[in-house]
2 protein chains.
Amino acid sequence: MNPPVPTGLAPGAMLGILGGGQLARMMALAAADLGIRCHVFAPETDSPAFDVAARHTVADYEDQEALARFADAVDVVTYEFENVPAATAAFLAARVPLHPGARALAVTQDRLSEKRFVSELGLAVAPFRAVDSLADLETAAAELGRPSVLKTRRFGYDGKGQVKIAPGSDLAQAHEAIGRFPAILEGFVSFVREVSVVAARGLDGSFAAFDVCENEHRDHILAYTRIPANLSEGASLQAVDAARRIGEALGYVGVFAVELFVLEAEGDLAERVVVNEIAPRVHNSGHWTSEGAETSQFHQHVRAVCGFPLGSTARRGRVEMENLIGASALRWRELLAEPGAHLHLYGKRDARPGRKMGHVTRVTDERA
Amino acid sequence: MNPPVPTGLAPGAMLGILGGGQLARMMALAAADLGIRCHVFAPETDSPAFDVAARHTVADYEDQEALARFADAVDVVTYEFENVPAATAAFLAARVPLHPGARALAVTQDRLSEKRFVSELGLAVAPFRAVDSLADLETAAAELGRPSVLKTRRFGYDGKGQVKIAPGSDLAQAHEAIGRFPAILEGFVSFVREVSVVAARGLDGSFAAFDVCENEHRDHILAYTRIPANLSEGASLQAVDAARRIGEALGYVGVFAVELFVLEAEGDLAERVVVNEIAPRVHNSGHWTSEGAETSQFHQHVRAVCGFPLGSTARRGRVEMENLIGASALRWRELLAEPGAHLHLYGKRDARPGRKMGHVTRVTDERA
């Protein structure tokens with residue numbers, strides 16, 4: 001079977017989405033605005049995205065029969081999470097256009113290949129070493145010094161799969177703590193802030209970035225995003241340029257996020273950024289765009305993967321996005337009564353601690 | 001069975017919607033933002049709202065078995081069209097809260113009762129007479145003069161079910177043209193513009209109106225809505241006050257629209273408005289609110305019928321809404337490429353002439 005040639009779709013087309021969480025749900029809501037129908041594929045029977053999709057399939061990502069039926073029923077496939085199994089991506093890509101493509105997944109699923117990819121583009125990253133054994137870890141820790149961070153190469157998110165190597169830490173214990181999985185050790189970067197660039201690349205190679213945003217994490221989970229970021233013009237251009245180069249090198253189609261550390265100006269060095277992570281998908285730090293930008297990241301992603309022209313990324317004011325984690329979503333009535341607050345709930349039943357239940361955006365006039 | 005006492009719901013609740021067109025579709029999209037699930041009930045198998053609803057029922061509005069199952073499955077019922085059969089409304093209202101209520105439907109389904117209701121509130125309407133026979137029509141035409149307009153009391157929309165009585169018109173022919181249905185004759189009002197007020201009333205009696213908008217019709221179908229309307233401060237207050245009084249007198253819960261004619265200042269009379277029609281539902285002339293106001297009319301309606309606090313109706317700038325009728329929706333790619341244009345397509349397959357396929361909003365900074 002020849003891989004299908006990607007071409008632009010038209011309203012009425014069926015967009016296939018792997019994953020049924022809040023990102024898929026908000027993609028499906030945006031797709032509806034553009035007359036695009038959605039078919040959501042996810043293993044969990046109570047996936048929040050099912051409630052707003054024309055069709056859904058409950059099956060494992062490895063279920064080839066279900067995947068084949070799904071591929072036949074849709075015009076293009078995208079996904080809401082970077083851990084789509086490589087075999088699943090390849091199986092689908094042979095049958096139907098897959099955006100973003102398999103290369104974006106391969107590079108970003110593995111912290112080591114991601115770090116190598118970014119540094120080969122000539123972009124700054126934290127110093128890193130591959131760690132396949134305790135011996136590797138000992139060498140790496142000696143070379144990079146302490147503190148440093150040991151991270152599994154795969155399947156880490158929201159602080160899971162990583163452990164800090166402090167001056168007194170026992171290396172064997174740390175290696176044990178991450179399950180002795182293939183890992184990398186990252187040298188310490190003394191950053192003052194975390195920012196991200198949410199950007200899109202169209203099927204025609206066009207590129208559009210939203211304004212750089214500043215992220216505040218609590219317990220390793222994104223708590224607030226604020227725009228504009230506290231960032232010099234120079235560092236901001238550097239960040240957007242990094243995103244542009246990453247998108248181009250990946251032949252990327254869709255929305256992606258690049259998380260960066262901000263390093264303070266120091267001696268002759270101006271304020272600058274270091275690439276931390278790439279997310280090949282719409283991203284929590286882009287939720288502010290729903291009310292804060294002319295085009296939301298979800299509309300932008302649907303435009304890109306359908307081969308439509310990208311929309312304007314112009315910002316509408318000063319914006320704050322607050323994540324509603326766990327029980328904080330129980331404040332919904334108070335938030336509905338707050339003038340200027342825009343509530344987004346994900347339709348999840350149990351407000352478990354640490355679970356992303358929704359978010360709020362607040363847009364204020366910059367000139368006010 | 002006692003009618004249920006209306007109370008506020010919480011996210012996770014199931015909203016039942018009668019009708020599956022674009023208004024139901026946009027309600028369902030808004031409901032999703034608030035964590036409300038939707039069950040759409042409509043007779044047409046290809047209803048656009050089905051694609052974005054958690055559940056749907058295909059059945060006639062008179063199918064009591066299907067209605068009973070629907071009532072059991074939802075926490076509150078609303079509708080997207082004013083012609084819900086009275087028996088259907090009564091059947092549902094006995095089982096589950098129905099918002100807006102049966103009284104709003106009864107009054108607005110019948111042009112004669114609507115006109116009487118409005119004039120009894122002391123609000124200006126066009127002169128009118130009931131027409132149940134050709135003899136009635138002859139008397140009425142003599143009293144109200146020509147030109148005047150003969151309109152069926154029920155089921156008229158977008159100019160259907162009405163005929164103009166010009167100086168040379170044959171009355172018997174006109175009576176025939178509207179199928180000899182019970183009708184009213186409306187005297188001619190020499191208006192310079194048409195405006196509407198889209199407003200909401202909460203379960204707690206709170207009231208919030210969006211800014212008065214100006215409507216331009218073509219071939220009896222809304223073509224453009226522009227905000228702010230070209231209207232004096234006095235006439236604008238009069239229009240919003242009319243909406244407030246109508247909402248209160250109906251004990252209304254939800255979003256509704258009041259269409260008004262604007263009469264020019266004349267001698268001692270300042271510019272003033274005359275009530276033309278009430279729509280007990282979200283309304284095409286309120287579509288501009290999606291990008292043009294802090295809260296869209298769809299979010300506002302969901303808030304109201306769920307017993308949530310009403311949202312801010314603050315306007316974001318100068319707004320234009322353009323309806324995409326029939327083949328004009330084929331311009332979708334050009335509209336997607338237009339900076340600042342926000343495209344909304346309804347997922348309808350055939351772009352038949354006169355069919356509402358989508359709309360575009362354009363918001364520009366008023367101070368620019």
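Naming convention: chains lettered A, B, ... in sequence-line order (proteins, then strands); numbering from 1 in each chain. Since the structure is predicted, the reported quantities are computational estimates derived from the model, not experimental observations.
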Answer with side chain, backbone, both or neither: which region of [X] has an atom nearer than 4.5 Å to a non-hydrogen atom of chain A?
| X | answer |
| --- | --- |
| F308(B) | both |
| H56(B) | neither |
| A314(B) | neither |
| R25(B) | side chain |

| Who pairs with D75(A) by side chain to side chain donor-acceptor pair (under 3.5 Å), at least two apart in sequence or on another chain? | none
| request: Going by the side chain to side chain contact (heavy atoms under 4.5 Å, CB included) test, name the single residue among L345(B), L29(B), V52(B) that passes it with D33(A). | output: L29(B)
| Residue by residue, which of residues 286-300 of chain A have a heavy atom closer than 4.5 Å to a heavy atom belonging to chain B? | E291(A), E294(A)
Examine whether an atom of [X] lies under 4.5 Å from a heavy atom of chain B, and if so say whether it belongs to the side chain, the backbone or both; otherwise answer neither.
| X | value |
| --- | --- |
| R316(A) | side chain |
| A329(A) | neither |
| A28(A) | neither |

| Taking all atoms of both residues into account, what is the closest heavy-atom pair of L9(B) and R333(A), and its distance? | O-NH2, 4.1 Å
| request: Indicate the atoms forming the closest heavy-atom contact of R303(B) with L336(A), along with that distance. | output: NH1-O, 2.8 Å
| query | Among H342(B), R349(B), M357(B), K348(B), who wins on heavy-atom pairs under 4.5 Å with chain A? | reply | H342(B)
| said: Under a 4.5 Å cutoff for heavy-atom pairs, which residue among G12(B), P48(B), P11(B) has the most contacts with chain A? | reply: P11(B)
| said: Only pairs of heavy atoms separated by less than 4.5 Å count here; which of V363(A), L310(A), L34(A) has the most with chain B? | reply: L34(A)
| request: Give the member of A32(A), G358(A), A10(A), A337(A) that has the highest number of heavy-atom pairs under 4.5 Å with chain B. | output: A32(A)
